[in-house]
Amino acid sequence: LFVLMILAMVGMSIVQKIDLVADDYYEQELRYQGRIDKVAHAKQLVTPLKWEVAETGISIQYPADMKGISGQIHFYCPSDNRKDFKIKVQPNQSGIQFIPTQKTPSGRYKIQIDWQANDVAYWNEGIVNI
């Protein structure tokens with residue numbers, strides 16, 4: 001009985017899915033001071049970046065006084081890395097970017113916005129429920 005229990009535990013541990021936060025976790029840790037600087041830049045903005053979740057998607061509003069905005073938005077799902085996805089920062093003329101979420105699997109996501117404008121890098125993050 002004891003041997004069967006041990007074999008069952010070994011079998012369950014083999015099929016258990018284990019996800020790291022990121023595949024390049026250690027490289028990201030080395031670049032963490034850069035992220036701290038980006039967060040500090042974002043906190044100093046007169047008009048901060050903000051987002052709003054609606055039924056059809058997420059609307060991100062960048063500061064109106066900034067031009068040449070670029071970067072990347074990462075949607076990170078802590079419970080299942082297969083739901084993670086990234087998109088480019090592409091605001092319209094009024095500084096708003098709409099991300100449709102009809103085809104996005106539902107769940108809780110950590111939104112990480114790594115963006116640049118006027119040769120200054122910024123970082124914003126938060127939690128969204130889709």
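Values reported hereafter were calculated over all heavy atoms of this structure, with side chains retained and with hydrogens, waters and symmetry mates removed. In what follows, residues are counted from 1 in the order of the sequence shown.
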*Working to the nearest 0.5 Å, report the span between NE2 of H74 and OH of Y109.*
10.5 Å
_Hydrophobic clusters here meaning ILVMFWY residues chained together by side-chain heavy-atom distances under 4.5 Å, can you tell me if Y76 and I87 are in one?_
no
_Straight-line distance of Y122 OH to L49 CG, nearest 0.5 Å_ = 11.0 Å
*From F75 atom CZ to I113 atom CD1, the distance as rounded to the nearest 0.5 Å*: 7.0 Å
*asked:* Just verifying a value: how many Å separate K38 NZ and H41 NE2, rounded to the nearest 0.5 Å?
replied: 10.5 Å
*Side chains of D114 and Q116: closer than 4.5 Å at any heavy-atom pair?*
yes
What pairs of donor and acceptor atoms, side-chain ones from residues 94-107 against any protein atom, are under 3.5 angstrom apart with sequence neighbours left out?
unit_1: S94; atom_1: OG; unit_2: N92; atom_2: OD1; d: 3.0
unit_1: Q97; atom_1: OE1; unit_2: Y62; atom_2: OH; d: 3.2
unit_1: Q97; atom_1: OE1; unit_2: Q90; atom_2: N; d: 3.1
unit_1: Q97; atom_1: NE2; unit_2: K88; atom_2: O; d: 2.9
unit_1: Q102; atom_1: NE2; unit_2: T56; atom_2: O; d: 3.4

*How close do I69 and P91 get, heavy atom to heavy atom, and via which atoms?*
CB-CG, 4.0 Å
*Please check if the side chain of D80 supplies one atom and the backbone of R82 the other of a donor-acceptor pair under 3.5 Å.*
yes
*In chain order, what residues pass the side chain to side chain donor-acceptor pair (under 3.5 Å) check against D65, with sequence neighbours excluded?*
none
_Side-chain heavy-atom pair C77, D84 within 4.5 angstrom cut-off_ = yes
*Considering non-hydrogen atoms only, spot the tightest contact between P48 and P63 and give its length.*
C-CG, 4.5 Å
*Would a hydrophobic clustering, with Ile, Leu, Val, Met, Phe, Trp and Tyr connected at side-chain separations under 4.5 Å, put V39 with I111?*
no
Counting only pairs under 3.5 Å, give me each side-chain donor-acceptor contact of residues 123-130, with atom names and distances, residues two or more places apart or in other chains.
unit_1: W123; atom_1: NE1; unit_2: E125; atom_2: OE1; d: 3.0
unit_1: N124; atom_1: OD1; unit_2: W115; atom_2: NE1; d: 2.9

